[in-house]
Protein chains: 2
Amino acid sequence: MLNSYSSADKVLLAVDCIIFGFDHQGLKILLIKRDFEPERGKWSLMGGFLKRDEILDDAAIRILNTYTGLHDIYMEQLHAYSEIDRDPVDRTISVSYYALINIENHNEELIKNYHAEWFSIADAPNLIFDHNEMVQHAIRRLRYRTSIKPIGFELLPEKFTMRQLLELYEAILSKELDKRNFISKINSLEILNKLDEKDMQSSRKGSYLYTFNKEKYEEKLLNDFVLNL
Amino acid sequence: MLNSYSSADKVLLAVDCIIFGFDHQGLKILLIKRDFEPERGKWSLMGGFLKRDEILDDAAIRILNTYTGLHDIYMEQLHAYSEIDRDPVDRTISVSYYALINIENHNEELIKNYHAEWFSIADAPNLIFDHNEMVQHAIRRLRYRTSIKPIGFELLPEKFTMRQLLELYEAILSKELDKRNFISKINSLEILNKLDEKDMQSSRKGSYLYTFNKEKYEEKLLNDFVLNL
DNA sequence: TTTTATTAATGTTGATTTTACACTTACTAA
DNA sequence: TTAGTAAGTGTAAAATCAACATTAATAAAA
């Protein structure tokens, strides 16, 4: 008798994505200006509804792809939000995901079409519904992840300087780090390849460029560790 | 126009609870034998459907209360599970919660009526749907929580011995801990009150009983720390 | 009453990790 | 040639962690 759940209430299930990027200005999130009611014209996370034949992870991937054109992005489920009136239209439960992307890689055109914009974490506008809370939650999770997994591959360009990596960690943890201690800790992880090439933008002397050593990096991703920065 | 979501699919939303307890045999979970189809007679987590006028946290509290009679229990949301056919009856997304309870406190009668039973983590039976995965996930989360928050208040009786606390941590982390190092680390947190009273069950000498210093304990709960055990 | 058996309680030391800290180098542009 | 700028590098003191064994208290048995 496959109808024993008939008395239970069905609800809408949404997925909202907190998309993190990083550039010289610091940690950023990608937001869109809603072009439908309610709250048309207000800023919002990127979201959508779960489809009947879709799992949550795929819905998150679909939504990210719709607004950025990106594939194969690191995403992680965060939390389900269920306040009764969180969405005034209909009872909607939202499951949030966060994604880490290389800010240079997204599709500019899509971003424009959707009235999307990157905002620094610090001066992001007020968001609709409970999206502010979702963002705060995502930042906490990202900070935690930083302490047990290496980070950077997803948020930095292919080639990057030590300073960029340092500033990324500083942005995520929102605290200053000691340059020498940071470098020696990162080096002890052995996840970087030092290139012969230098980046000449930042100084006359130029600073060496690095890439991630993908094998080592992924090995570290598998086994949690504690990285005290 | 409050009908713009009309095209989206609605789904059933369930809540499943992983209920942890602890006694001299170690870490346990509370399971019930399902008395309805599908999978009648199989072991399962305690679950139920989200009601239209209810938030997820409250649904979890309600479900826990239904099966144990307990109120005011530490619970934390874990994860949303959404595989298409995870429940063969109808498309159901389940949000899992885990709870920590004092195993002595539950209502025996309720447990009996529902055919519920405590199982050691190690030899719990196979569970329906994706409930095994939920349990594994909950154990990982519990382990993590142990490393950044004090634990015990919720799982131990009011008065307990150092040995009990040690064994609780050993059960959660599933590794042996050095007794002296453990005691000095716990003492350095200053979250325990040592009583004049002794427990005479365990030895001829008797061992001192402790209670948690609620204020200090909750202060530590607020501020994450790292407890390397 | 003495002995025995059992678990509780307790501190130290060496090893490791973390933190704090400042000068020299390399290069370009003036 | 000089001046200016960020890059690159090492050490020592402090804190924390990990390993380890003996004595104390008591009840039960002899």
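Naming convention: chains lettered A, B, ... in sequence-line order (proteins, then strands); numbering from 1 in each chain.
- Proximity of residues 186-197 of chain B to DNA chain C (heavy atom under 4.0 angstrom from any strand atom) is restricted to B:Lys194.
- Between A:Phe119 and A:Trp43, the two ring planes are perpendicular [angle over 60°; tilted spans 30° to 60°].
- A donor-acceptor contact closer than 3.5 angstrom links the side chains of A:His137 and A:Tyr81.
- Extent of DNA chain C lying under 4.0 Å from chain A heavy atoms, first and last nucleotide in 5' to 3' order, is C:dT18 to C:dA29.
- In this structure, B:His106 contributes its side chain and B:Thr68 its backbone to no donor-acceptor pair below 3.5 Å.
- In this structure, B:Lys194 is not positioned above the aromatic face of B:Tyr210 in the sense of NZ or CZ being under 6.0 Å from the six-membered ring centre and within 45° of the axis.
- For residues 171-204 of chain B, the set of pairs meeting the ring pair (Phe, Tyr, Trp, His ring centres under 6.0 Å) definition, not counting sequence neighbours, comprises B:Tyr169-B:Phe182.
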Would B:Leu165 and B:Ile186 count as a side chain to side chain contact (heavy atoms under 4.5 Å, CB included) if you check the C-alpha gap in whole Å, the side-chain angles of each, and the deciding distance to 0.1 Å?
-> CA-CA 9 Å; B:Leu165 188 61; B:Ile186 292 296; 3.9 Å; yes
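- Remark: A:Tyr74 engages A:Glu76, A:Arg145 in a side-chain hydrogen bond (donor to acceptor under 3.5 Å, both in side chains) (not counting sequence neighbours).
- Contacts of B:Glu154 classified as side-chain hydrogen bond (donor to acceptor under 3.5 Å, both in side chains), with partners at least two apart in sequence or in another chain: B:Tyr217.
- Across the protein-nucleic acid pair, A:Asp199 atom CG and D:dG8 atom C1' stand 15 Å apart, rounded to whole Å.
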For residues 219-229 of chain B, which side-chain donor-acceptor pairs fall under 3.5 Å, sequence neighbours excluded?
from     : atom 1 : to       : atom 2 : distance (Å)
B:Asn223 : ND2    : B:Glu219 : O      : 3.3
B:Asp224 : OD1    : B:Lys149 : NZ     : 2.6

Nucleotide by nucleotide, nucleotides 11-22 of chain D touches protein heavy atoms under 4.0 Å in the pattern (B base, S sugar-phosphate only, - none) ------SBBBB-
Salt bridge (Lys or Arg N to Asp or Glu O under 4.0 Å) assessment of B:Lys175 paired with B:Glu170 | CA-CA 5 Å; B:Lys175 69 173 180 187; B:Glu170 288 185 329; over 6 Å; no
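- B:Asn102 pairs by the side-chain hydrogen bond (donor to acceptor under 3.5 Å, both in side chains) definition with nothing, not counting sequence neighbours.
- One axis for each end of the helix from C:dT1-D:dA30 to C:dA30-D:dT1, each built from five base pairs, and the angle between them comes to 10° at 10° resolution.
- For residues 158-176 of chain A, proximity to DNA chain C is found at no residue, defined as any non-hydrogen atom under 4.0 angstrom from a strand atom.
- Note that NZ of A:Lys205 and NZ of A:Lys198 are 6.0 Å apart. Values are rounded to the nearest 0.5 Å.
- Each of A:Met200 and A:Ser184 was assigned the nucleotide of DNA chain C with the nearest heavy atom; the assignment lying further toward the 5' end belongs to A:Ser184.
- At a threshold of 4.0 Å, the pair A:Glu167-A:Arg163 counts as salt-bridged, since one of the basic side-chain nitrogens sits closer than that to a carboxylate oxygen.
- With sequence neighbours left out, B:Phe160 forms a ring-ring contact (aromatic ring centres under 6.0 Å, His included) with B:Phe212.
- When only modelled atom types and interatomic distance are considered, A:Asp16 and A:Ser94 share a side-chain donor-acceptor pair under 3.5 Å.
- Here B:Phe153 contributes atom CZ and B:Leu192 contributes atom CG; the two are 10.5 Å apart, rounded to the nearest 0.5 Å.
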Please produce a list of atom pairs where a protein N or O lies less than 3.5 Å from an N or O of nucleotides 28-30 of chain D.
from   : atom 1 : to       : atom 2 : distance (Å)
D:dA28 : O4'    : B:Arg204 : NH1    : 3.4

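- Of the residues near DNA chain D, B:Lys198 and A:Gly206, the one whose nearest nucleotide (by heavy atom distance) lies more toward the 5' end is A:Gly206.
- Between the base of D:dA24 and the side chain of B:Lys205 there is a donor-acceptor pair shorter than 3.5 Å.
- Side-chain atoms of A:Asp199 and A:Tyr208 form no donor-acceptor pair, as typed in the model, at a separation below 3.5 Å.
- Of the inter-residue distances, the one linking A:Tyr114 atom OH with A:Glu109 atom CD reads 11.5 Å to the nearest 0.5 angstrom.
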